Amino acid sequence: MVREAGPDAARRWLQIACLCAGGGERPARGDQTERLRQGVASGADFVATLAGARVEAAGGEVTILRDAGEAARSGLQPVTLAPGRRSIWDGRFELTAAADGLHARPLKGMAAALPPGERAGLRAVPAAARPALPIVAGGGRPPSCPLLAEDAQVTADCLVGGRLRAACGLVRTESELAPGGDGEPANGALS
């Protein structure tokens, strides 16, 4: 899609997609986005970062996901989850806890603490995306990633797809941004 689009449309879409996947608030500068567009248009394999996103081009496919290194550089702090109250974590996920004492933080360095089923599910997630996923811990329970398995104490909804559709002008009403309002599963895509 991006390779077939005109340069202006491709730059704008890449800017929006990187912003949404990176969980940020400000788009990348035009010259940076133009270099990325040229790389994508070339069809070459490469890895780049832009606006908190990691862009991987390989074998004709382009994947845009959260740059885990950016989360570390920006000092992403754990978020305390209040029962029954929605919390935005990392600009990409809405987490709601049903119990007291829970907090979310990046998964980086904690994958071995996940239950076996979640560790197995983690293998389906691109390796570069894994460290930036949320892990929920505390409250006297083992850590878990509510994106990898159902969690009775925490629900997680991915905001990336809704933000992308809204930024591209594809959302007519706010109800389309609500979890499941677009026909997708509530936890949506991981990247």
Side-chain angles (χ1 to χ4, degrees), residues 15-28 32 36 47-56 58 62-164 167 179 184-191:
Q15 212 172 29
I16 291 169
C18 287
L19 183 65
C20 293
E25 296 176 5
R26 292 186 325 191
Q32 295 171 324
L36 179 61
V47 175
T49 58
L50 188 66
R54 176 184 172 101
V55 181
E56 298 179 353
V62 177
T63 303
I64 302 175
L65 44 106
R66 174 74 156 122
D67 178 26
E70 179 62 25
R73 282 187 295 281
S74 65
L76 184 62
Q77 298 298 313
V79 171
T80 299
L81 305 176
R85 186 165 168 238
R86 296 180 291 193
S87 298
I88 304 299
W89 185 81
D90 188 24
R92 301 177 305 145
F93 301 103
E94 182 181 88
L95 303 173
T96 307
D100 248 339
L102 300 178
H103 60 273
R105 64 176 292 277
L107 179 63
K108 184 177 183 171
M110 298 285 296
L114 292 174
E118 290 182 30
R119 284 196 311 270
L122 197 56
R123 288 191 282 275
V125 177
R130 296 172 192 166
L133 293 176
I135 188 168
V136 176
R141 64 181 226 140
S144 72
C145 179
L147 297 168
L148 298 173
E150 272 203 44
D151 188 322
Q153 294 183 355
V154 181
T155 59
D157 294 307
C158 182
L159 304 175
V160 175
R163 287 181 76 193
L164 179 62
E184 292 183 12
N187 64 354
L190 292 176
S191 59

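Note that the structure is a prediction, hence the values are computed from the model and not measured. Only this structure's heavy atoms are used, side chains among them; waters, hydrogens and symmetry mates stay out.
- Cys18 and Leu36 make their closest contact through SG-CD2, 3.9 Å (heavy atoms, listed as atom of the first residue, atom of the second, distance).
- In this structure, the separation between CZ on Arg66 and CG on Leu133 is 11.5 Å, given to the nearest 0.5 Å.
- In this structure, the side chains of Arg92 and Leu159 stay at 4.5 Å or more apart for every pair of heavy atoms.
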| query | Would Leu148 and Val125 satisfy side-chain contact (heavy atoms from CB on, under 4.5 Å), going step by step from the backbone distance to the final call? | reply | CA-CA 9 Å; Leu148 298 173; Val125 177; 4.1 Å; yes

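- One finds the CZ atom of Arg54 at 8.5 Å from the OG1 atom of Thr49 (value rounded to the nearest 0.5 Å).
- In this structure, Leu102 and Gly138 approach most closely via the heavy-atom pair CD2-O, 3.2 Å.
- For the pairing with Arg105, the side chain to side chain contact (heavy atoms under 4.5 Å, CB included) check across Val79, Ile135, Asp90 returns one residue only, Ile135.
- Residue pairs meeting the side chain to side chain donor-acceptor pair (under 3.5 Å) criterion with at least one member in residues 122-144, sequence neighbours excluded: Arg141-Ser144, Arg141-Asp151, Arg141-Gln153, Ser144-Asp151.
- Residue Ile64 holds its CD1 atom at 10.5 Å from CD of Glu56, rounded to the nearest 0.5 Å.
- Residues Ala21 and Ala53 approach most closely at CB-CB, 4.4 Å, considering heavy atoms.
- The two residues Met110 and Pro143 have their closest heavy-atom pair at CE-CG, 4.2 Å.
- We find the CG-CG distance between Leu147 and Leu95 to be 7.5 Å, quoted to the nearest 0.5 Å.
- Annotation: the span from Thr96 atom OG1 to Asp157 atom CG amounts to 7.0 Å, rounded to 0.5 Å.
- Contact between Arg163 and Gly23 at its shortest, heavy atoms only, is NH1-CA, 3.5 Å.
- Between Trp89 and Pro106, the closest side-chain pair of non-hydrogen atoms falls below 4.5 Å.
- Residues satisfying the salt bridge (charged side-chain N to carboxylate O under 4.0 Å, His left out) criterion with Arg119, sequence neighbours excluded, are absent altogether.
- Taken to the nearest 0.5 Å, the CG atom of Leu114 stands 6.5 Å off from the CG atom of Leu122.
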